[in-house]
Amino acid sequence: MKIGMLGAGAVAQAIARHAIRHGHEVVLSNSRGPASLAPLVKDLGALAAAATPAEAATADLVVLAVRWPQTPDAVAGLPRLDNTVVIDATNQFASLPPNPEIADLGDLTGSEYVASLLPGARVVKAFNALYAQFIAPDPRHEAGRQVLFLAGDDADAKNTVRDLTSEFGFAPRRPRNAARGRAPQSISRTCTRSAT
């Protein structure tokens, strides 16, 4: 599978490394252009490449992993993502801890807002409830596997993300009332429990 990354920060890199370890191609992008990613691509190896966001968005699966205020710019100008599964790893924090402020979206969830910016995409919330330092290590350890919450309305899309993240070694879980992207947000060290 080819996975396009919109964003190249700590969370995006952690997900990219899991993907590459399991034989997937990764196309990284950021707001500064492909040349700025050359050192990272070299470090990640032959399965990694750098591209523009529009090029990354043509991959088989797309990961959106940017800070919330950057979200509109990160997806601006992308082609329509008809039927493309998009993992939404964002959290709707206008400002981050220790003084977090949740962005006011009215009745919308964060992923509903993201979906409104990506017509045709099949959005699944995942990785948003873990800090990068909990995503990066091998999720399989003595206590079991790292729990990873998934949320979304599209059952087939959730199955795709479940299968991919299970391959990485995570233990995907669907919280109750998890439709429409109502997954926990990573405001604290929650969701770091393990599952056997």
Side-chain angles (χ1 to χ4, degrees), residues 1-31 34 37 40-41 44-67 70-71 74-91 109-130 132 135-136 139 145-174 178-181 183:
M1 179 186 292
K2 181 178 286 188
I3 300 172
M5 311 295 298
L6 301 177
V11 170
Q13 290 181 38
I15 297 170
R17 291 181 189 279
H18 284 300
I20 288 168
R21 286 190 198 103
H22 290 85
H24 299 285
E25 297 179 64
V26 171
V27 182
L28 294 137
S29 69
N30 65 8
S31 61
L37 295 169
L40 175 59
V41 167
L44 291 174
L47 289 176
T52 66
E55 291 167 334
T58 65
D60 302 316
L61 180 144
V62 173
V63 178
L64 175 63
V66 298
R67 291 187 177 183
Q70 299 170 323
T71 300
V75 302
L78 297 183
R80 279 188 62 91
L81 301 183
D82 291 328
N83 295 316
T84 299
V85 175
V86 175
I87 295 177
D88 173 18
T90 66
N91 278 310
T109 66
S111 283
E112 286 173 331
Y113 174 76
V114 167
S116 76
L117 300 177
L118 297 171
R122 302 160 66 196
V123 177
V124 178
K125 198 79 166 177
F127 292 108
N128 68 302
L130 292 172
I135 298 172
R145 293 189 295 156
Q146 173 65 60
V147 170
L148 180 72
F149 288 120
L150 310 180
D153 289 333
D154 188 312
D156 288 340
K158 282 190 290 188
N159 288 340
T160 296
V161 176
R162 178 202 64 197
D163 292 347
L164 180 66
T165 56
S166 292
E167 180 187 358
F168 292 171
F170 291 94
R173 294 290 184 267
R174 300 175 185 176
R180 300 185 180 276

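We count residues from 1, following the sequence as given.
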State which residues pass side chain to side chain contact (heavy atoms under 4.5 Å, CB included) with [X]; sequence neighbours excluded, sorted by chain then number.
{"X": "Val11", "answer": "Ile15, Ala65, Ala89, Ala132, Ile135"}
{"X": "Asp154", "answer": "Arg122, Asp156, Ala157"}
{"X": "Leu118", "answer": "Val75, Leu78, Leu81, Val86, Val114, Ala121"}

Interatomic distance, [X] atom [atom1] to [Y] atom [atom2] [nearest 0.5 angstrom]:
{"X": "Arg145", "Y": "Thr165", "atom1": "CZ", "atom2": "OG1", "value": "8.5 Å"}
{"X": "Glu112", "Y": "Leu117", "atom1": "CD", "atom2": "CG", "value": "12.5 Å"}
{"X": "Met1", "Y": "Leu164", "atom1": "CE", "atom2": "CG", "value": "5.5 Å"}

Looking only at heavy atoms, what is the nearest atom pair of [X] and [Y], with distance?
{"X": "Lys158", "Y": "Leu150", "value": "O-CD1, 4.0 Å"}
{"X": "Met5", "Y": "Ser29", "value": "O-OG, 2.7 Å"}
{"X": "Arg174", "Y": "Asn159", "value": "NH2-OD1, 2.6 Å"}
{"X": "Ala48", "Y": "Ile20", "value": "CB-CD1, 3.9 Å"}
{"X": "Leu6", "Y": "Val66", "value": "O-CG1, 3.4 Å"}
{"X": "Thr84", "Y": "Ala59", "value": "CG2-O, 4.3 Å"}

_Test item: Thr90 and Asn128 side chains (from C-beta on) under 4.5 Å apart, heavy atoms_ = no

*Is Leu130 close to Gln146 at the side-chain level, that is, under 4.5 Å between some pair of heavy atoms?*
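With C-beta onward as the side chain, the pair touches.
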
List for me each residue that meets side chain to side chain donor-acceptor pair (under 3.5 Å) alongside [X], sequence neighbours excluded, and say none if there are none.
{"X": "Arg80", "value": "Asp82"}
{"X": "Glu167", "value": "His24"}
{"X": "Asp163", "value": "none"}

Give the table of side-chain donor-acceptor pairs shorter than 3.5 Å for residues 49-57, with sequence neighbours excluded, one pair per line with atom names and distance.
{"residue": "Thr52", "atom": "OG1", "partner": "Glu55", "partner atom": "N", "Å": "3.2"}
{"residue": "Thr52", "atom": "OG1", "partner": "Glu55", "partner atom": "OE1", "Å": "3.3"}
{"residue": "Glu55", "atom": "OE1", "partner": "Thr52", "partner atom": "N", "Å": "2.9"}

_By ring pair (Phe, Tyr, Trp, His ring centres under 6.0 Å) - contacts of Phe168 (at least two apart)_ =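 Phe168 satisfies ring pair (Phe, Tyr, Trp, His ring centres under 6.0 Å) with His18, His22 only.
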
_Check: Phe170 ring centroid to Phe127 ring centroid under 6.0 Å_ =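 Phe170 vs Phe127: aromatic centres under 6.0 Å.
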
*Taking it one step at a time, do Val41 and Leu28 satisfy side chain to side chain contact (heavy atoms under 4.5 Å, CB included)?*
CA-CA 8 Å; Val41 167; Leu28 294 137; 4.2 Å; yes

*Just jot down the salt bridge (charged side-chain N to carboxylate O under 4.0 Å, His left out) partners of Arg162, sequence neighbours excluded, or say none.*
none

*Do you know which of Ile3, Val123, Leu61, Leu64 makes side chain to side chain contact (heavy atoms under 4.5 Å, CB included) with Ile87?*
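When side chain to side chain contact (heavy atoms under 4.5 Å, CB included) is applied between Ile87 and each of Ile3, Val123, Leu61, Leu64, only Leu61 qualifies.
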
*Ignoring hydrogens and angles, tell me if any N or O in the side chain of Asn30 forms a donor-acceptor pair with the backbone of Ala8 under 3.5 Å.*
no

*Enclosure of Arg67 CZ (heavy-atom neighbours >12, cutoff 6.0 Å)*: no

